[in-house]
Amino acid sequence: MSTSTPSALSFTETLSLLSLALASFGIIANTFRGDGEPLIASLAFSGIAYAASYAMIRWLGPTFMKAGLKGKDMSKVHKKEIPETMGAVCAVVYLLIIIVFIPFPFYKDIVAATSGGGNRDVVIELEHVQTGRFLHRFPHSKLASYLSAILSLQSVSILGIGDDLFDIRWRHKFFIPGIASIPILIVYFVDFGVTHIVIPIPLRPYLGGLFDLGFLYYVYMAAVAIFCPNSINILAGINGIEVSQSLVIAFLLILNDCFYLLAPYPHPATDSHLFSLYMLLPFIGVSLALWAHNWYPSRVFVGDTYCYFAGMVFAVVGILGHFSKTLLLLFIPQIFNFIYSAPQLFRLIPCPRHRLPRFNARTGLMEPSVTEWQYPPKPIVALFLKMLHHLHLLRLATNHEGQITESTNFTILNLWLVWFGPMREDRLAIELLVMQTLCGLFGLFVRHNFALWIFESDNWTVR
Ligand code: UD1
Ligand code: MG
């Protein structure tokens, strides 16, 4: 059945979303009959997250447009305006879902004897009461981690919405995720507090077995929290790429979690990876709903809110799950894009407001976008640009005097087009996502196989 307005759900969509939501509610109700199975409940909540975001993204489209939250799709023949900031819907649904989920994974120690006044003289931990290998449950001390995660995600969503409304300047908004990460850093401090790094075996004679980074370790974690959201936001500009890259990272993180949860013995890192699953499953739910609307040809844009929110979800699970270095292995394309972008980000080279690839209306293909040099660059900059050009890391255009007149913009999207020639927007997105997935799988492979060459144990195998 066709829809009368684009914002209405079709009959089939309504039916599917309703069935999904009802089935999910059923599963959640069922978990109350047993001893409550948080992992199953989390999956069901993710189903509800998907259904709710999908419907709301559609319904709220016109409302967002009316409020001025819209953007022009620059890479189409008819540059029509579509709703922007739909990531805000995802962030809100996500936050509500993980709040409703709070009662599920936490258990209270059972107090067996007390001398009164709230003293917990003898407590029976749940492990001793229950049988079975994994209970998928947290001691209530983990609640602090969970609540701090919510706090950080809320702060960063507010920043994102502010940015989408007022277009905050890059240099002003850059550090805000660092401040938003303070709650999780403090929980890390009181709960875990490890600031030592293990020195690789070949360097041990010089540095010893462990090296205490101390305060610098917190600076490093704040830097991760600043990097993840911003790096997703600048690997953007073609339909679907922001959500898809986030989904790839989320799925790879879940794969990594499964390695630990399916380990042949109860693993010390189990709790951290369960925490990661509880945060990531609903994230995948809301992101898939957004993906369905944002993939080529986009019906909505995600807005900066989504990029910040998604990046912060990853930073939170990486930091509180104690696997921030593994996390960075899944950000290889984003790290490359960030370093490659640095000359423009730090204004050593002029940076236009938009660096997204240029749409050629005649061929219908994407081409690298360029920065035009009104005046010839300084000799040192010209030398740098020419060097990159020779290394095939840039394309330059020069005039008859050999002066540089244009240089392609410093993003991985443009570089890909320099390397492989013009292509359609969706093709470009797919190729980049395949590359990202391969890099991520390679990163995980290295993490789980080669870590033992330079460390005598990693946190799930001992050599
Ligand atoms: C970042 C990039 C900018 C890039 C932009 C695209 C840096 C420093 N900034 O800026 O170079 O151009 O993202 O998102 O690298 N748009 C499309 N098609 C899409 C996605 C977005 O045309 O598939 C356009 C729309 O007009 C949309 C706008 O980009 O309204 C969104 O840009 P915004 O997210 O506000 O840009 P920034 O994140 O500031
Ligand atoms: Mg953006």
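Atoms within each ligand, like the ligands themselves, are counted from 1 in listed order.
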Near [X], which atoms of ligand 1 are under 4.0 Å from a heavy atom of that residue?
X      : result
Phe301 : 16 (N), 17 (C), 18 (N), 19 (C), 20 (C), 21 (C), 22 (O), 23 (O), 25 (C), 27 (C)
Leu345 : 8 (C)
Ala236 : 14 (O)
Met74  : 22 (O), 24 (C), 26 (O)
Gly71  : 30 (O)
Asn233 : 1 (C), 13 (O), 38 (O)
Asp73  : 18 (N), 22 (O)

> What part of Ile238, side chain from CB on, backbone N/CA/C/O, both or neither, has a heavy atom under 4.0 Å from ligand 1?
Replying inline: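 Contact part for Ile238 vs ligand 1: backbone (N, CA, C, O).
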> With backbone taken as N, CA, C and O and side chain as the heavy atoms from C-beta onward, which portion of Asp304 lies under 4.0 Å from ligand 1: side chain, backbone, both, or neither?
Replying inline: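 Within the 4.0 Å criterion, Asp304 contacts ligand 1 through side-chain atoms alone.
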Pair [X], [Y]: side-chain N/O donor-acceptor within cut-off below 3.5 Å:
X      : Y      : value
Ser276 : Asp257 : yes
Asn256 : His448 : yes
Thr326 : Arg447 : yes
Ser287 : Tyr306 : yes
Ser244 : Gln436 : no
Asn399 : Thr405 : no
Ser272 : Tyr260 : no

> Mind checking whether Arg353 has a heavy atom under 4.0 Å from ligand 1?
Replying inline: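 Right, Arg353 reaches ligand 1.
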Nearest non-hydrogen protein atom, [atom]:
atom                    : answer
atom 6 (C) of ligand 1  : Gly237 CA, 3.6 Å
atom 7 (C) of ligand 1  : Ile234 CG2, 3.5 Å
atom 32 (O) of ligand 1 : His354 CE1, 3.4 Å
atom 30 (O) of ligand 1 : Glu84 OE1, 2.6 Å

>> Considering Glu242, Arg355, Lys72, Gln344 one by one, which has a heavy atom nearer to atom 11 (O) of ligand 1 than any of the others?
In response: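 Considering heavy atoms of Glu242, Arg355, Lys72, Gln344, the nearest to atom 11 (O) of ligand 1 sits in Arg355.
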>> Please name the atom of Asp304, limited to N, O or S, that comes nearest to the Mg ion (ligand 2).
In response: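 Nearest to the Mg ion (ligand 2) within Asp304's N, O and S set: OD1.
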> Around Ile380, counting heavy atoms of other residues, nucleotides and ligands shown, do more than 12 lie under 6.0 Å from its CD1?
Replying inline: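 Open: at most 12 neighbouring heavy atoms sit under 6.0 Å from CD1 of Ile380.
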>> Within the supplied structure, the quantity of interest is the number of heavy atoms (other residues, nucleotides, ligands) at a distance under 6.0 Å from His172 NE2; does it exceed 12?
In response: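 Atom NE2 in His172 is crowded, with more than 12 foreign heavy atoms closer than 6.0 Å.
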> Given Phe314, which of Phe283, Phe227, Phe323 fulfils the ring pair (Phe, Tyr, Trp, His ring centres under 6.0 Å) condition?
Replying inline: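 Between Phe314 and the candidates, ring pair (Phe, Tyr, Trp, His ring centres under 6.0 Å) is satisfied uniquely by Phe283.
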